[in-house]
Amino acid sequence: MTSEAAALGRAGALLTIDLDAIAGNWRRLQALGAPAECGTVLKADGYGLGAVPVGRALFAAGARSFFVAHLEEGIALRAALGEARIVVLNGLLPGLAADYTAHSLIPALNDPGEIAAWAGHAKALGTALPGFVQLDSGMNRLGLMPEEQARLVADPTRLDGIAPVTWMTHLACAEEAGNPMNRAQLDRFRQAVAKLPKAPVSIANSSGIFLGPDFHGDLTRPGAALYGINPTPGRPNPMAGVVRLEARILQTRRVDTPMTVGYGAAHRVEGPARLATIAVGYADGIPRSASGRGAVRIAGFTAPITGRISMDLITVDVTHIPEPLAAPGALAEILGPELPPDRLGESAGTIGYEILTSLGRRYARRYLGGAA
Ligand SMILES: *Cc1c(COP(=O)(O)O)cnc(C)c1O
């Protein structure tokens, strides 16, 4: 039995996550953005790969600033990481300021009410509390709007009790290096920050780091690139791959007469052909929209997905693969070096981000490397 087959155990599929590759990607982004500190984004359970093991590996590699989206994610990460700075991007939830301080979490303050609530909490505790303040520079999603920024400029005492402050903004088009929106957002952000109390700034997500030093600020916030997603679409991926997803071939069958495959009889085989049925489906995060478009790899051969992806199974065409290599019990690679998440995303009309964050929960999981 191969080590893959052994690690698979009773599961249909094996997800292997290379923590050393994630740490290597972080080092690479740190070097590229230096002297800015390279933070790490671990929201959505570390883009589906496990916020706790990924966070521990990144801390061991030297990362000290971690971003999550939700308060609950911050609380879970705090339990795994001792000393790190953890920022909750979605902001301060009403009435829950004490939950943030109890777990030493820093909210990204996204509107004047959140600033007031956090300052009030600091005053009640008789201490200063660190806070990120998000200034919307054109994303129009979260953060202080221009008129709210102007009011803060007019009365910076609203920030009393919040220290140290970090000014942050988020780019809408960073993965398009030539998009004028990037420079426009940077200019708007710089103009706002110039009028506010002096403090460190944070601008760049993964792709933003590749826009050059003007976008690095004092602290970068890469997520996707840590996990091997290409931060420079259209150009070669500078990041190392991190995930491998392999699933069992459950059955193979020969079809000799014209027949259809799968639900809806949507795919017609003109035969003769050999088909393999593999133990992953849309419940495992293989988007149904990749039906008839995606492919898997078996023993180094590409096998196109035929017919509709069902909940627990996909069917692939293995006619051209030597029979012993595509037999029941063999493993098919769904994601890996030849099939990065970006590629599956493209086949499914989505992006690698969504592929990773949709990965299912019933895989056997194996972590390679890392601190432990
Ligand atoms: C998700 C997120 C990031 C990370 O973005 P990537 O494109 O994954 O690097 C950074 N900042 C904010 C505010 C985010 O929401």
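Just follow the structure's listing: the first ligand is 1, and inside any ligand the first atom is 1. Count residues from 1 along the sequence.
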- Item | Of L109, I115, N110, the residue whose pairing with L144 passes side chain to side chain contact (heavy atoms under 4.5 Å, CB included) |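 The side chain to side chain contact (heavy atoms under 4.5 Å, CB included) with L144 is passed solely by I115 among L109, I115, N110.
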- For the side chain to side chain contact (heavy atoms under 4.5 Å, CB included) test, which of L89, V165, T166 pairs with F132?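 The side chain to side chain contact (heavy atoms under 4.5 Å, CB included) with F132 is passed solely by T166 among L89, V165, T166.
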- Task: State whether the side chain of H320 and the backbone N or O of T302 hold a donor-acceptor pair below 3.5 Å, judged by distance alone.
- Result: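 Such a contact is found between H320 side chain and T302 backbone.
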Numbered atoms and elements of ligand 1 in range of [X], under 4.0 angstrom, heavy atoms:
{"X": "V41", "result": "3 (C), 4 (C)"}
{"X": "A224", "result": "6 (P), 8 (O), 9 (O)"}
{"X": "Y47", "result": "1 (C), 4 (C), 5 (O), 6 (P), 8 (O)"}
{"X": "P222", "result": "9 (O)"}
{"X": "G223", "result": "4 (C), 6 (P), 8 (O), 9 (O)"}

Using a 4.0 Å heavy-atom cut-off, which part of [X] comes near ligand 1: side chain, backbone, both, or neither?
{"X": "H170", "value": "side chain"}
{"X": "Y353", "value": "side chain"}
{"X": "R141", "value": "side chain"}

- Message: Does this structure show an ion pair linking D214 with R183, if we count only N-O contacts that are shorter than 4.0 Å?
- Response: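 Result for this pair is yes, salt bridge flagged.
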- Query: Below 4.0 angstrom, N of the basic side chain to O of the carboxylate: do E148 and R158 qualify?
  - Reply: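 Salt bridge absent between E148 and R158.
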Can you tell me the protein heavy atom closest to [atom] and the distance?
{"atom": "atom 14 (C) of ligand 1", "result": "K43 NZ, 2.9 Å"}
{"atom": "atom 9 (O) of ligand 1", "result": "S206 OG, 2.5 Å"}
{"atom": "atom 5 (O) of ligand 1", "result": "N205 CB, 3.4 Å"}
{"atom": "atom 11 (N) of ligand 1", "result": "R221 NE, 2.9 Å"}

- Message: Taking L14 as the starting point, is it possible to reach L49 by hopping between hydrophobic residues whose side chains are less than 4.5 Å apart?
- Response: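 In one cluster: no.
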- Does NZ or CZ of R64 fall inside the cone over F59's six-membered ring, less than 6.0 Å from its centre and within 45° of the axis?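 The answer is yes, since R64 meets both limits relative to F59.
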- Using a side-chain heavy atom cutoff under 4.5 Å and only I, L, V, M, F, W and Y, what cluster partners does M181 have?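 Other cluster members: none.
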